[in-house]
Structure formats: structure tokens, C-alpha cells
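Notes to accompany the following structure.
All chains are named by letter (A, B, ...) in the order of the sequence lines, taking the proteins before the strands, and each is independently numbered beginning at 1.
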Amino acid sequence: MIRMTRLPGRLTRQVPTAVRTLVVLTLILGGLYPLAVTGVAQAFFHDRASGSIVRENGKNVGSALIGQLFTDRNGNPVRKYFQSRPSAAGDGYDPLSTSARNLGPEDVVDSPGRPSLLTQVCARSKAVGELEGVSGARPYCTADGVGAVLKVFPAVGPVARAVSVNQPCPVRPFLSTYQGVKVECASPDGDYATGRTVPVRGDVRAVVPPDAVAASGSGLDPHISVAYAELQAPRVARERGLAPAVVEALIREHTMGRALGFMGEPAVNVLELNLALDRALGKER
Amino acid sequence: MSGVVFIASLVVSLALVHRPLGDYMYRVYSGTRHSAVERVVYRLIGVRPDAEQTWGGYARAVLAFSAVSVLALYGLQRLQDRLFLSLGMGPVPDHIAWNTAISFVTNTNWQSYSGESTMGHLTQMAGLAVQNFVSAAAGMSVAIALVRGFARGRTDLLGNFWVDLVRGTIRILLPIAFVGALTLVAGGVVQNFAGPQELTTLTGGAQDVTGGPVASQEIIKELGTNGGGFYNANAAHPFENPTSWTNWIEIFAILLIPFSLPRAFGRMVGQVRQGHAITAIMAVMALTSVTLTGVFELSAGGTVPQAIGAALEGKEVRLGVADSAAFAAATTLTSTGAVNSFHDSYTPLGGMMTMVDMMLGEVAPGGAGSGLYGMLVLAVITVFVAGLMVGRTPEYLGKRIGPREIKLAGAYFLVMPILVLVGTALAMASPEQRASMLNSGPHGLSEVLYGFVSTSNNNGSAFAGLTVNTPWYDVVFGLCMVIGRFLPIILVLGLAGSLATQSAVPESAGTLPTHRPQFVGMVIGVTVILVALTFLPSLALGPLAEGLS
Amino acid sequence: MLEPHRLLTSLPDAIRKLNPATLWRNPVMFVVEIGAAFTTVLAIADPSGFAWAITGWLWLTVLFANLAEAVAEGRGKAQAATLRAARRDTTARRLRNGTPDGRAAWDVVGAAELRQGDVVVVEAGEIIPGDGDVVEGIASVDESAITGESAPVIRESGGDRCAVTGGTKVLSDRIVVRITRRPGESFIDRMIGLVEGADRQKTPNEIALNILLAALTIIFLVGVATMQPLAIYSKAQNPGIPDTLTLDSDGVTGVVLAALLVCLIPTTIGALLSAIGVAGMDRLVQRNVLAMSGRAVEAAGDVHTLLLDKTGTITLGNRQASEFVPVDGVSELELAEAAQLASLADETPEGRSVVVHAKRAYGLRERRPGELEHAEWAAFTAQTRMSGVDVNGRRIRKGAAAAVTEWIVVNGGRPGGDVAAIVDGVSASGGTPLVVGEATEDGARALGVIHLKDVVKEGIRERFAEMREMGIRTVMITGDNPVTARAIAREAGVDDFLAEATPEDKLALIKQEQEGGRLVAMTGDGTNDAPALAQADVGVAMNTGTSAAKEAGNMIDLDSSPTKLIEIVEIGKQLLITRGALTTFSIANDIAKYFAIIPAVFAAVYPGLDVLNIMRLHSPRSAILSAVVFNALVIVALIPLALRGVRYRPASASKLLSRNLSLYGLGGIVAPFVGIKIIDLLLPVMS
């Protein structure tokens, strides 16, 4: 082994080597490598490498891996389609703006212009309930679809005053009294910061499944849970005039089970299911 | 239950693979022969591959290479609109470009930008992905240099950085990445050079399906514990992580090198059991964290998760809560920072675990290379604290831990907490910086704390609610990343240099055994008490306050 | 160990040590002092019982640390006072012209005026005025002033017993001494300095530990300081929560911040570290060993290889009769009787051992020399190398094989071939043969051979086994031939031996061990040991040894006991273990303190944090005060341990670690939980 001459603190002496190394490695790792991977991938897995595009009647209608909105121009659900999860990607399922909601687990008090995560969950639960004709009630949610949260005063000690903080007047508070104190509705210009925040669980059980009210991480989740699909099945069947059993069968057909039986969760691909429904309808005609 | 099998399958697979891979890495870094390709590379870059460097020379090479990389990556982002494959994206704003350049060179991959709307394919492929390789290889080189410090005696030479860098890249990362990338493509990860493809959805809406060389970047992002997503949604994006089994592969890739390096370490110091002990320390802490994270997420604590009925906010249906939690633990236990679900919406205690993972100093198992050297520094400190209790001047692997060694190790272990604590305090003291918080109350504090923990540890994941593409955060986080990466590297190399000059003290019955369970327990205790407990006050005002209400 | 009066007498010193100019050398306690000063200001500005209580206990924390150091030093001080008394000004009779001729004329000068090379004469009853070598004469000297040993020792010119120490007293005879040291640098001066700890320098290990403690202090300093913006934010986020004693809109109150900081930084070890070092040196002094540097004491703990002189350390130092081997035609009893008779006039230990063995093995009653009438005794002399008796015309001799053989020939006999064979056999087995011969009118003949054997000390084998378990290799050094050496080595259970050892061999062996990264300890006394003593990592010179040897070693054993080396190693280890144990204890303490203080400060604003109050301390102020009080009292509680050192039993590193880890690691975690809880229960009772 040859000893390199000691360079007294000369960082700059190494720079030419660093530049050359970066150039050479960039050619290998940033050029040859991705090109080689692309070449092999396109040769052997052309469809997948290109985005698992789904074609219908000669037209690309989406990617099997990217969720879609099944709503009309006004944002209302198209009733003959299974609906996807809530999405925070742009205006919903926008691959150019993928995102999660990023609101925390205790984000329960609405502020002007931004409903709390809890209220978003409650509102969606209520809407889904109405769409599917089931109860949209959830724990910590009011019947009118906002977070069931009180501000109680003073912050410490016995309760003297209680305000349902997410229910602006003149809405009737979801509770009439709290620990013997009458619950007020929230005055639009009231400052309730000094109160103690008390979410009220209530004693309802949710019928609408969790994934129906929780936004995904990507905002592009192509799947819904089997429970959410089954919740929607009667409505879709009704809308399409199909026997519920046919729809159930299609759900099962488009349910991706756990890989190897233990990875992930069973999931129903919404686009593929809806496409299959459209095709089923076409066949029946 | 399937979550338990999921974790068990990862454990078994890593147990099976770490040995051959560790042995292979040992041969890669100890071999004296150069392959034909490497000889060509050495000729091109003008390096005599058999000329070794002192610790100073090694450190200067690391720093020079990193500095050049930062400048090149900055330039590439600023000029991307004038080059090809830009997809029509303009130049990246200066503070974001600086932050991103540092972020990828320091193996952090903190992203204050959104991939699909900021970076063209060329920047991703020839800039970001290249750094994914070389920043990991640089980290591994530094770890190997430290191991040589333990393994060698009476020399001031630690190897040649350029050789270690090239070998780590070409012999270790590249082959695994190539196979891994194709495997991911088979699962549905895209790999093309197309731009967004507009199509009409079933209900007549418009949707732009994006393209890009994703698979080739996705695999090295995990394998090199980098974490920078091609897309904003990172590994939650179905094009980055389409199925539950690609999820498994990505977690496996994250843990693969950090858990194999201790084996290479054991081989290099000639005592395989020393490597086992390091692996055991890492594994115990990692399993504890993975389990706790999973339990917290599955029990869905917190008002909103309770209202939803599961901690599913920010998580993908196909991946499920349990496997998402496993990914979250893996990505924060290493310095990866890729996410397949969004930590900001985790349960308070589940989210806290992701922070605690990083607060341990990213050592269980930590980043590619950085995990091993961080752990060895902790072992040195442990040997010093507890080693005195056997009545000998503490020694680790035959090397005495004297004033010089403890000075370097002590300084190493000061860097990260000081960056995190001072940074968080500065941000929290400023109303302007607090305005970046999306959430209020303790969760807002958690967002800021998370940002500093993540950047100072070179992790890169985030409580993403925090708006960080502001000049202040871009600059300050950039500083955290630079200091958090290179100051420890300099100290580690200094330590390596100091150890290498010592001749080994022969082992005897009076030597503190560093391969037994008692030592494993001791390192864990020191790590938890000295490193993690430092953060207890801030955790108490953030996630603990939120989770214990 | 720690009498109350010692605490009391050390108190003034402890208070003096509060001076920041000296305290800054101990960064941990310096930070505590700043904290105490800070809370004092706050308590004056905004007096409250709580603020004053915290302030008081923070000052006590510093004071207790100083007290620990003062007590440790106090013991040395007492000893130094005794030594100073011995150094009281003496006068010297300095010979003119510096000639070593004891009959030359002299001047009376003060001891302080003596210079190197001066020659003085000292007579019975006089104090030796300075360190030096005896150049003429022989005298018995009382060295109790230094060694505490009242039995006088012999000092004579030439050889290895020529060194005398200033301050010691000549009891008999008259000696001429050449002064080898300047006044103020004499042995007794250095000794005073050492026991007082005046020139105590931090050892590498202590420096390293201080660096670690400083790092911990910095981290907690930063941790506590940076908590403030977070606390202010948290308070502002909950405007409805009233201000408390611990947290208001300006954040955590200064008193509480200082309290938290002091509780978290490693005060326990910071307070006791210096005392541990002083006490470690002191323990050596107690065993009459003077270590010239703390580094040497630490090195003793690290030693891999012990070089031990055979004589005095491993064996009793003299050979003993173990067997009588008769020649053909002589019975064992016959030989035994002859050997006994021949040895009655031999007062050397070897001669005595023959008599003893004859009695023990053959039941031969010991006879007094006067019992036999007309007996003419031939005492053992170095010239004749034999002893014997002439009685009733029979002459019996026993002694060195060559001498007796010659005697037989002179007396007209022939020793016979089988005697030579027996002699060779005994030699080959490592023993020493003495031949017994008799001469009568019929002629002279050999009766047989006495087999003399080195006797290994009782218990030494076990001692070496312990050493082995501790990972220390023992090497026996002997001038014996390899055969003898091997036999003794095997019997004593040493790991290795160096036979027919010359000083050069010793030096080479040490260098060879060190080459392999091993630390070597040895003892020596002669001038020719000096190079080896200097080369060894731990070189213990015997006080009886030459000045050169004492100069070369880094420790001096005043008792000149060859087994002292083993004790020194144990003291070295004990010193390091004590440091490590208290460091571990100190750091482990932090867990409980976090659990006491964090909920106390923040539970008001986030009531959920009260679940962290696992000790169920009854109020925030009591929780914080209890933690601070515990933190201070634990220092006092551990002073005896710091001074005495943790209990040390020789064992393998693995066993030691398990034991100390469970005692000081787990103990360190549990103790404060219990202690703080108890203080929390007692506080309301006391106030």
C-alpha cells in the first residue's frame, strides 16, 4: 500500500477528483442504470411499466392503480357508481397534486374557513349515510355532521359554562346539558380559546366504514374496503337495476386479497369494479 | 394477526439474508482486487485505487465529494428548464433548490417540494436518484472506515474513500437495485419517460396520469435509506407502492443494508459475535418500536381515529393499518424517511413513536452506514460508562477509550440533540415560523419538533402538515441536515483515525465482554436514557400531551 | 469510615471550596453553583417559601460535593501533619571536603542547607537529615515515621540496603551518608505532597470521564434552556389555565428550570469524582504504598501481566527439608538421626527445617546441644558450608554436596557413586541436595542426602487462580535453574516463569509483553532492577531498596512486602469500579427525576401528563423539592462509598459487570423512585 501524501487541510485538492467521480457515477447511475431498467421493464412488463392504463372502447379511461372521482360536474356522487374514498389530492384524485390531509388526531375544533378533521369526518359520514340510506352517525359526531365538541369554562374546576363549539348559533347544540350546565351554541364571533376542549363520544356505533370517511395518504387510493363496497352495493344494484347478487359477485371478483394471505388488507378496486358494472350492464342490454 | 406474520416474515427474511449479504460486503470492502469496470472508473476519475488515506484525507474526500454534489444538484434544479426531459417545469426556486440539493446529498431526502409538480424527469433521474446511490455509498464508506479503525492497529490509514464509494455503489447497491427495480415494475411501479398523460375518467372528468422512471428510483430510495419520493405522496402513491407485497419488498429493502452491515463489521474485526451483538441491539430496539407503533395505531387512540373507527386517515386501504405502521417504524428507525402513510394523522402515540425512533439517533438499525457508525459510537460511550465497572480502563474491541476517543464520541452524541432542541426552540419562539403549522395545540408543536428531528437525523420524513417551503425553513432545515450529517462524519472519521493508531489490547478474562446479552441491554439502556430521554420535555408538550389527554 | 467529626472538621474547607474560581474546574458542580446563585437572585426578587427551599437545597448540593472532597483530602492532611512533624528541622554534621571518611572533621549545618553530594555522619539517637545512601558503616534505623512499622531495619553501606530516608532515626551504631536529594524534594516532602493531594493531577481516565460529564451537562443545559419557548407556546395555547408556581405565561419559572437542570446533570458523580480519586490514593497510602502518580494507580487496574519474584512472594523464601534419601546400606532412620545431629548446631532456617523434619517424619526428639556430653559442635558458616557435631569419636557433617563430598575425601573416605546419583536426582526435581556424611576411625562415608525444597506459600495458588479469573497473567521471576523453576511454578500455579533471570532478561520480558499491548507490573529492590522498574507500567520499588530502584519505579512499598503488588492491582481496579459504578448510578437516576419533574411542571396545562407522575407525588412543588432534596442527600449518602470504594471481589469481568450493573444500574433506576417518594411523604411532616 502506498501512502498518499499528506495534504495539509487542502479540501480543494480533492475537488477535481470529486467532480470527475460525480460525472462518471452520474453517467452510470443516472444514465445507464435507469435506461437499462426502463428497457428491460418495457420489454417484459410493458403495461405495468407504462402505468397499468385501463382502456375501454379504445379509449384510455384511467389507471388500474390510480383512484378516480365518480362524481358529476357539481361534485355530487354519480349514483350508479361505487364511490371512492375522500381524497386530498387537489380537488380530488389529482395525480398532479398528490397529498394527504395531514390533520392531526386531535384536530376537533373548527376554525373559520377550515373545518376540523373531526368535522370533515362527521360531514362525510353523514353524507355517505344519506347516499346509502343508512345511519351516518359516528362517535364524536353530531347528528348534523360536525364534531361533537364542547368548550367548557373555566378550564380547570367545576363546569360553569359549556359551548358546543362546532355548532354556530342558531343551531341547536347536540347536548342540552353537560354536567348540569346548559350547553350553548357557538356565537360566530365568540372566542372560546380559554375553555377546555371536551369531545363528546356519544353512544352510537358507526355504520359507515372507516375508509369511507378517512382520506388516504396519496389521495389516489384506488381501493375501498370490502365493507364500504358492500355498503354501496344495494344502492348501485338499485340504480342499475341489477340483482344484488350480481353486484356482490362483481365485488368479490374485484377484491384483491392479502398477498400470500398476510400482507396488507383485502381491497376492492373501484375503477375496475365500476368498469365491470358498465360492461355487465352492456351485456345485459 | 396478519400484521404479526408480516413482521415475523420480515424478521425471518432479514435473518436469512443479512449473513450472506454481510459476508459479501465484507469481501467487497476488504478485497484487494479491482474489477475491469472499476479499473476503468479509477482511470477516468484519476484515482490510484491502492493509495490509502489518513482520516483527514478520507474526511476531505467525503466533504469534497459532497460539496461538489450539492453544487451540481443545485445547478441541475436551477437549470432544468433548459435541459431535456423537464416536462415543461420551470427552474426550482432557489431556497427549495438549496434545501433539496443538501437534502439528497446528506441522505436525508427531506422534501419541501412536490415531486410531480416541481421536478422534471432528468432532475429526478440524473440528480436525485444518483444522490440516492452515492449518499448511501458515502455513508457506508464512513462506517467501513470506522470499522477499519477498530480492526487495524498502528496505522494512520483508513482506506481510500473513492474506492469505497465506487465499490459500494457498483458492487453492492447497483446490482440489488437493478433486480429490485424490475421486481417493483412487476408489481405495477411505473418505469418510463412519459409526461403526464391526460385521459377522461368514467364520469367524464379529466385526469393526468403521471409517468417517469419511478421504479429505478423507488428501489434505491429504500435500499439506500434515502426516502425522497418521486411523487409528493411518496410510497403511499400507487405508482410507487402499488400492492401489499411491493410494500413488503420496500420495507425489506429499507432494512436490508443497515441490518447486514453489522455482520460485515463482525467479519472485519475478526469476531463475528461482536457483529451479532450490534445486530441484537438494533433488533431489540427496532422490534420494540415496530410493536409499539403497531399497537398504538391498531388501537386507534385519539378523538378522530376513534370517530373514524380506525387509524385509517392518511393510510391506504390496500396496505392496511398494521403494515403501514410497520413501514412507518422501519422508515424512521432507519434514516429513510419514505412514507407509505402520513404520520401527521397518526394516533398521538403512534406518531410519537416515529419521532422516538429518530430521537434514538437513527441507530436501530439506522441509515446505510450511518446506522452502524452511530451505533458503534453509542457502544463506545456505553463501554466507557459501564466498562469502568469491571475495573479496567474501558476498551472496545481491544481499543482503549481514552480522553481523545471520548471527546470525539461525546461531541458526536451532542450534535443531533443540540440541533433538534435549539432549532425547535427557535421556530417555536417565532410567531412567523409557528404560522407554518397546519395543526394547533400540541400537535402543531409536534409538527415543528418532527421537522427538526427528521432533518437533524437525516431522516426526511415529516409531519407533513407543516408548510416548509418557506425560505426560513428551507435554510434552517438545510443547515440542520448539513451539520447533522457532516459534523458527525468528521467526528467518526477522527475517532477511526485515533483508534487505528492504537495497537490492540489483547483480550483476557478481565476484558469487558461486548458480545453478551448484558452488553446488549446496557447499550439499549444508555441509548434510551442518554439520547431519547433528552427529548422527554419536548415530547411531553407535543405527542404525550396530545396522547394522554 | 466517616465519623461525624470528620464532616464537621471538613466543613470550613467545604465552604472555602465554594469559591467559583476553584470550583469551575468541576464543570458539573460549577453549573450547580450558577443555578444556585440564579435561584438566590430570583428568591430575593420574588420571595416564596418554595423558591427559598429550592435555593437552599441547591446550595447544599454544592456544599455536599465540596464536603466529599474536603473529607477525602482531610484524611491525607492528618497524615501529612504527622509527616511534617518528622521533618522537623534537624541539624546535620556535614563532613568537610565531602570525603566519605567518617573520621574527617565536620561542620554543623541545618538540614535545609544540605546539597546533593554532601556527606554527613549520623550517630545513634540522631535523625538522618536527608535522603541518601550509606557509604560507610552499618546501623539499625527506626523508620516508623514513614512506614509506621516500629521494628528497626538494618541499613549498611554497599548492596541493596544502603538507602536511608530523611526524618528517620538511627538507633544504634554510626553511619556515613551521602545525600542524594536536595531539601524540599526529599522522599518525605514528596510523601507529604502526595497524601495531601496537593500535586494531584487528573488521570487520563478521570479526564475522559470529565469530558463525558461535561458533554452530559451541555446536553441537559441545552435541553432545559430550549424547553422555554415550547412551554410558553403550550401555556399560550391554553389561555384558560391559570398561572401556577411552576408555569406561567413567561414559561417555566426560573426556580423550577434551575431545579430541573440540577436534577438532570450528573451531579452525583460530578460531586464525588474528585473524592473517589483522592480516596483511591489514600487507600494505597493506608497500605503503605506511595504512588508517584494517579496514572500508575489506574494502570495497576489495567495490568495484564504481573512479574513476581519467587522468593518472598511465591515461596516462603527458604528451603525446607522434605525427605531423607539414604544410600544403600543405611536406613532412613539412621540417616535421619545423623542429619538431625548434624543440624542441631545449624541455626539457619534450612538447618532448623532438618531438625523439624526429623522430628515430624521419624519422631526423633529434638535434642538440645547441651544434652550430649562431650559433644563438639561445628556451627554452620558460609566458609565451611556445613555444620555438624563430633561426639564419641564419631564425626557427622551435613552441608552442600560439594563441601561434604570434599570433607569425606579429606577424611579418607569415598563418597560412592550412588550419592552422586541421588544428588543429581534431587537437583533434577528442582530441589536442593544436602549430603550427610560421617567419619569414624574406620574411615569416612556418605550416609545419604537431605532433600531441601522450596515451600510455596499457603493460599498463593488460590490467589493466582483469582488473578487468572481477573484476566491477569502471573509470571514468576527466579534465579533458579529452569528445572527448579518449573517445579515451583507448577506447584504455585503461576502461568509462566522466567528462570535464571538476569535484569536484562526481565527488561526483555517486559518489553515483549508490552509489545503485545499488555501492561506489566513488577516489584524490585536492587539497583539492577531499576531499568525494568522504569520500563514496567507499574513498577513497585521496595522501600528497603536502593535509591536508584525507588527512583525508577512509580510506586514505593514502604512495607517492602513482595505480595503488595497484588493488593495494588486490586486497589487500582476498585478505584475504576467505584468511578464507573457511581457514574452509572448517577445517570440511571435521571429516569425517576424526569418522572417527578415533568408532570409537576406541565400537568397543570396538560392534565393528561399526570399519568407520568407514577410516584403519585402529592403536589408539583413537593415533587420538585423532593427531587432536589434527593439529589443533594444522595451525595452525602454516597460519600462513604466514594471514600471506601465499592466492594471488590476478584472475579471475571463478566461477573463483575453483572454484579455492579444490577447493583448500581438497576439500583440507580430504582433508588430515586423510592427516595423521592419517601421525601415527598416526609416533607409535609417536617414543614
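Residues B:S117 and A:L96 form no side-chain contact, since every pair of their non-hydrogen atoms from C-beta on lies 4.5 Å or further apart. At least one side-chain heavy atom of A:T38 sits under 4.5 Å from a side-chain heavy atom of B:F193. Counting heavy atoms from C-beta on, the side chains of B:F178 and A:V40 come closer than 4.5 Å. Side-chain contact between A:V149 and B:T303: absent, with no pair of heavy atoms (C-beta onward) separated by less than 4.5 Å. When side chains are defined from C-beta on, A:R20 does not count as touching B:L44, because their heavy atoms never get closer than 4.5 Å. Here the side chains of A:R258 and B:F6 are not in contact, with every heavy-atom distance at 4.5 Å or above. Within the 4.5 Å cutoff, the side chain of A:Q14 has heavy atoms near those of the B:Q53 side chain. Side-chain contact check for B:N232 versus A:S97: every heavy-atom pair is 4.5 Å or farther apart.
Both the backbone and the side chain of A:Y93 come within less than 4.5 Å of a heavy atom of chain B. Neither the backbone nor the side chain of A:A64 has a heavy atom closer than 4.5 Å to any heavy atom of chain B. Contact annotation for A:P199: only side-chain heavy atoms (C-beta onward) come within less than 4.5 Å of a heavy atom of chain B. In this structure, no portion of B:A129 lies under 4.5 Å from any heavy atom of chain A. Using a 4.5 Å cut-off between heavy atoms, A:R124 makes no contact with chain B at all. Contact annotation for A:V61: both backbone and side-chain heavy atoms come within less than 4.5 Å of a heavy atom of chain B. B:I219 touches chain A through its side chain: at least one heavy atom from C-beta onward sits under 4.5 Å away, while N, CA, C and O do not. Of the atoms belonging to A:P16, not a single heavy atom falls under 4.5 Å from chain B. In this structure, chain A has a heavy atom under 4.5 Å from the side chain of B:S9, while its backbone stays farther away. Only the side chain of A:V108 comes within contact range of chain B, judged by heavy atoms closer than 4.5 Å. Interface remark: A:L275 contributes backbone and side-chain atoms alike to the contact with chain B (heavy atom separation under 4.5 Å).
Here the side chain of B:S244 pairs a donor or acceptor atom with the backbone of A:M263 at under 3.5 angstrom. A donor-acceptor pair under 3.5 Å is absent between the side-chain atoms of A:R48 and the main chain of B:V185, judged by distance alone. No side-chain donor-acceptor contact under 3.5 Å links B:Q207 to the backbone of A:P95. Although no hydrogens or angles enter the test, the distance criterion places a donor-acceptor pair under 3.5 Å between the side chain of A:R138 and the main chain of B:I308. Panel note: side chain A:E106, backbone B:H443; no donor-acceptor pair is recorded below 3.5 Å. No donor-acceptor distance shorter than 3.5 angstrom exists from the side chain of A:Y33 to the backbone of B:L174, with no hydrogens or angles considered. B:E316 places no side-chain N or O within donor-acceptor distance of the main-chain N or O of A:P222, the cut-off being under 3.5 Å. With hydrogens and angles disregarded, a donor-acceptor distance shorter than 3.5 Å links the side chain of B:E116 to the backbone of A:T98. A distance-only check finds a donor-acceptor pair linking the side chain of B:N439 to the backbone of A:G104 [under 3.5 Å].
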Requested in this report: Take A:L25 and B:F133 through the test side chain to side chain contact (heavy atoms under 4.5 Å, CB included) and record every step on the way to the result.
Outcome: CA-CA 9 Å; A:L25 289 179; B:F133 276 99; over 6 Å; no

Report task. Go through the steps to decide whether A:L22 and B:Q131 satisfy the test side chain to side chain contact (heavy atoms under 4.5 Å, CB included), and finish with yes or no. Result -> CA-CA 9 Å; A:L22 184 63; B:Q131 286 305 319; 3.7 Å; yes

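Chosen from B:N241, B:L165, B:D323, the residue pairing most often with chain A at heavy-atom distances under 4.5 Å is B:D323. In terms of non-hydrogen atom pairs under 4.5 Å with chain A, the most contact-rich of B:V317, B:V304, B:D344 is B:V317. In terms of heavy-atom pairs under 4.5 angstrom with chain A, the leader among B:G302, B:G188, B:G309, B:G301 is B:G188. Here B:M125 is the residue among B:M125, B:Q217, B:Q197, B:H343 with the most heavy-atom pairs under 4.5 Å with chain A. With chain A as partner, the option from B:T201, B:V41, B:L319 having the largest number of non-hydrogen pairs under 4.5 angstrom is B:T201.
Nearest heavy atom pair, residue B:E313 against residue A:V213, reads OE1-O, 4.4 Å. The nearest pair of heavy atoms linking B:P348 to A:P105 is CD-CG, 3.5 Å.
Within the structure, salt bridge (Lys or Arg N to Asp or Glu O under 4.0 Å) pairs that include any residue of residues 204-221 of chain A comprise A:R85-A:D221, A:D221-B:R318 (at least two apart or interchain).
When the options B:V166, B:V130, B:I170 are evaluated for a side-chain contact (heavy atoms from CB on, under 4.5 Å) with A:I28, the one that passes is B:I170.
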Side chains of residues 69-76 of chain A: which donor-acceptor partners sit under 3.5 Å, not counting sequence neighbours?
unit_1	atom_1	unit_2	atom_2	d
A:D72	OD1	A:N74	N	2.9
A:D72	OD1	A:G75	N	3.0
A:D72	OD1	A:N76	N	2.8

